[in-house]
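The structure appears below as structure tokens.
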Amino acid sequence: MDPEGRRNISDSTCGNAVGRYGRLVIIGGGSAAFAAAVAAAPKAASVTMVNKGLPMGGCCVNVGCGTCNALRRENLQGNRNLPYHVVPSKFLIQAAHVTSPHNNVPPFHGIHNVTERVSDFATLTAQNRALVETLRQEKYANVIADLDNVKYIEGFGRLSRNLGQLAVEVRSNHEDQSPFQVLPADRVILASGVRTSLPSQLADDLTKVDYLTNENAYFESKRPESLIVLGGGYIALEAAQMFARLGSKVTVLQRSEFVLSSLEREIGSELAQHFRGEGIEVEVGVDVTSVTPDGDKVVLKGTSRGEKRTFAASKLFLAAGRHANTEQISDVPIKLANTPHGGFVVSNALQTSIPEVYAAGDCVADSPQYVYTAAAEGKLAALNALDTLCGQETRDMDYSAVPWVVFTSPAVAGVGLGFSEARAKGIDAEASTLPLQLLPRAIVRQDTRGFVTLIRNKTDDRIVGARVLAEEGGELTMEASLAVRYGIRAKDLAAMLHPYLTWNEAWKLAALGFNKDVKTLSCCAT
């Protein structure tokens, strides 16, 4: 026992007959939770997952969109997206590509209209639901079924401590006075996900409106005739373009002066232009002050640049931010971030302010909130939690090169620092941007929308970041990620052999652009 009466396994043999040690309890059932369980299974004496709200698999497989938007209070532990933002939303985004302008009116002579809008929306979303159910079984239930020391309990978990012993109390509902099970724990991992934030000025109004979120929109049997998307982040934009391509009349309302406002202005501004070219209305600088039902419509009123504005549609899709699920998680005081997202404050090793408790996924303060970072955090949290039971050193989470993608068309992607971010950190940053009009692959595809940008440190020529606006731009991220991760110099990237007529040739040309005018170079430039 330590001075506070807590059981200290490092003082014991630290392992049973098969070399396993420690009772690990995981609150959550999404990607971070499953990664933690799988990583812990070979080492822990027992692993128990406690989850309720969204079904097994969390946001990733059940509702999509890269972050979990467990909106309702009963879903507070409906957990982290395995987004890649993910299965349901990306399935429908892929389906919507069939009706993209590039396919609907091909840019190639002699080929006429080859597609139509979706004719049976209910059948499409039924296929989506069937895919979700298959993946939930194959990629989640079957995975832990093969692990002899992993147990899954449906319920809401809450941290407690009794006579020095940490435990997780399991309840059927948050309101239940008494738990139906108490799980003593040597270590606990919190992977409770996030939920959609309600704009404070609209919270009362939204109780009167049947609005959509990424939790329910992708399984609707009827396509909205018209849709207002409130928000300008990646969830909002992916949903807006998807529904527009499937036949809805879509309006995006963004409070900031440009969409994707956390990125450089030129990215959001150009993407908005492409949206407008597809018939999607994008209204920026709009402060919505009220939401009211009006028959079969929903009406939003607000102001824009001092003028009163009114917008109406058959449905409202809410995507105005996310908040970490931290309420009713712990009866033991635990440090939370005082930010709009909130979340559990953790060390670089993912340890919370409670020494025996770690956190992973979207519920972590300042986490990147991607499915792959959630999974990496879950694995590391589990290993660190168990290693500390035997007095071993922990490892830190490395966020130095995290690639990300917004699955719009054209897609937005990046890694490392943007130009302004690099300058703000005191780096002597320089950017080289290649318009896709100069990329042979884009030219033959007849889709030259967008650009790629490399950011280097002029002091040592090393790549510190990259940004992409291009169709299938996510496929470009890994070469740039390797350049950032390993500090590759721009001149070395430019010297590498890149196959002609590939998307990745863009990085070679952008790297050449630091010292040459790419417009003056021949094909296969060096």
* To do: Show your reasoning for whether side chain to side chain contact (heavy atoms under 4.5 Å, CB included) applies to Phe275 and Val259.
  => CA-CA 11 Å; Phe275 271 39; Val259 298; over 6 Å; no

* To do: Go through the structure and list residues passing side-chain hydrogen bond (donor to acceptor under 3.5 Å, both in side chains) with Gln254, not counting sequence neighbours.
  => none

* To do: For residues Val415 and Ala401, report the shortest heavy-atom separation together with the two atoms involved.
  => CG2-C, 4.0 Å

* To do: For residues Ala191 and Ala32, report the shortest heavy-atom separation together with the two atoms involved.
  => CB-CB, 4.0 Å

* Can you measure from CG (Leu380) to CG (Asn348) and round to the nearest 0.5 angstrom? => 10.0 Å

* To do: Give the C-alpha distance, both sets of side-chain angles, the deciding distance and a yes or no for side chain to side chain contact (heavy atoms under 4.5 Å, CB included) between Leu318 and Leu198.
  => CA-CA 8 Å; Leu318 185 63; Leu198 301 182; 3.5 Å; yes

* Nearest atoms (heavy-atom pairs only) where Gly231 meets Ala236 -> O-CB, 3.2 Å

* To do: Given salt bridge (charged side-chain N to carboxylate O under 4.0 Å, His left out), test Arg445 with Glu472 step by step and report yes or no.
  => CA-CA 12 Å; Arg445 182 186 166 92; Glu472 300 294 345; 5.9 Å; no

* Asked: Any donor and acceptor pair, going by atom type alone, linking the side chain of Asn216 with main-chain N or O of Thr213 inside 3.5 Å?
  -> yes

* Asked: Distance-only, no hydrogens or angles: does the Thr125 side chain make a donor-acceptor pair with backbone N or O of Glu220 under 3.5 Å?
  -> yes

* Structure fact -> Tightest non-hydrogen contact, residues Ala244 and Val250, listed as N-CG2, 3.6 Å

* Would you indicate whether the side-chain heavy atoms of Val168 and Thr48 approach each other to under 4.5 Å? => no

* First locate atom NZ of Lys249, then atom CD of Glu225, and finally report the distance between them rounded to the nearest 0.5 Å. => 12.5 Å

* Asked: Would a 4.5 Å heavy-atom cut-off, applied to side chains only, mark Thr448 and Leu439 as touching?
  -> no

* So, for Val405 and Glu238, which heavy atoms are closest and what is the spacing to 0.1 Å? -> O-OE2, 4.4 Å

* Taking the inter-plane angle between the rings of Tyr218 and Phe243 on a 0 to 90° scale, is it parallel (under 30°), tilted (30 to 60°) or perpendicular (over 60°)? -> parallel

* Looking at CD1 of Ile267 and OG of Ser261, how far apart are the two atoms once the value is rounded to the nearest 0.5 Å? -> 12.0 Å

* Would you say the side-chain atoms of Ser367 and Glu377 include a donor-acceptor pair closer than 3.5 Å? -> yes

* To do: Indicate yes or no for a side-chain donor-acceptor contact from Ser330 to the backbone of Val332 under 3.5 Å, with no hydrogens or angles considered.
  => yes

* Is atom CG of Asp204 surrounded by more than 12 heavy atoms (other residues, nucleotides or ligands) closer than 6.0 Å? -> no

* With sequence neighbours excluded, tell me which residues meet side chain to side chain contact (heavy atoms under 4.5 Å, CB included) with Ser290. => Asp205, Lys301

* Is there side-chain contact between Pro199 and Leu206, with heavy atoms separated by less than 4.5 Å? -> yes

* Would Lys52 and Glu154 pass as an ion pair if we require N to O under 4.0 Å? -> no

* **Any donor-acceptor pair under 3.5 Å from Thr352 side chain to Val357 backbone** => yes

* Asked: Out of curiosity, Arg467 CZ to Leu469 CG, how far, rounded to the nearest 0.5 Å?
  -> 12.5 Å

* Is a side-chain donor or acceptor of Gln201 paired with a backbone partner of Val288 at a separation under 3.5 angstrom? -> yes

* To do: Just jot down the side-chain hydrogen bond (donor to acceptor under 3.5 Å, both in side chains) partners of Glu264, sequence neighbours excluded, or say none.
  => none

* Structure fact -> Output for pair (Leu227 CG, Ile280 CD1), nearest 0.5 Å, gives 10.5 Å

* Asked: Would you say the side chain of Leu190 lies within less than 4.5 Å of the side chain of Ile334, judging by non-hydrogen atoms?
  -> yes

* Asked: Leu436 and Trp503: side chain to side chain contact (heavy atoms under 4.5 Å, CB included), yes or no, with the steps?
  -> CA-CA 10 Å; Leu436 293 189; Trp503 286 112; 4.3 Å; yes

* To do: State whether the side chain of Ser226 and the backbone N or O of Ser314 hold a donor-acceptor pair below 3.5 Å, judged by distance alone.
  => yes

* Asked: Does CG in Asp398 sit with more than 12 non-hydrogen atoms of other residues, nucleotides or ligands closer than 6.0 Å?
  -> yes

* Is there a donor-acceptor pair under 3.5 Å between the side chain of Ser353 and the backbone N or O of Lys335? -> yes

* Are the side chains of Arg456 and Ser432 in touch, meaning some heavy atoms are under 4.5 Å apart? -> no

* To do: Write down the atom of Val452, the atom of Ala510, and the distance for their closest heavy-atom approach.
  => CG2-CB, 4.2 Å

* Should we say atom CG of Asn338 is surrounded by more than 12 heavy atoms from elsewhere, each under 6.0 Å from it? -> no

* **Pairwise distance CD1(Ile427) to CD1(Ile455) - rounded to 0.5 angstrom** => 10.5 Å

* side chain to side chain contact (heavy atoms under 4.5 Å, CB included) assessment of Arg171 paired with Gln328 -> CA-CA 11 Å; Arg171 291 172 169 79; Gln328 304 187 70; over 6 Å; no

* Side-chain contact test, heavy atoms from C-beta onward, threshold under 4.5 Å: evaluate it for Asp331 versus Arg158 and give yes or no. => yes

* Hey, are the side chains of Val402 and Tyr372 touching, using non-hydrogen atoms and a 4.5 Å cut-off? -> yes

* Using only heavy-atom distances, determine whether the side chains of Glu270 and His274 contain a donor-acceptor pair under 3.5 Å. => yes

* Asked: Is the shortest heavy-atom distance from the side chain of Ile27 to the side chain of Phe156 under 4.5 Å?
  -> no

* Pick one: which of Arg309, Arg255, Arg305, Arg276 meets salt bridge (charged side-chain N to carboxylate O under 4.0 Å, His left out) with Glu283? -> Arg309

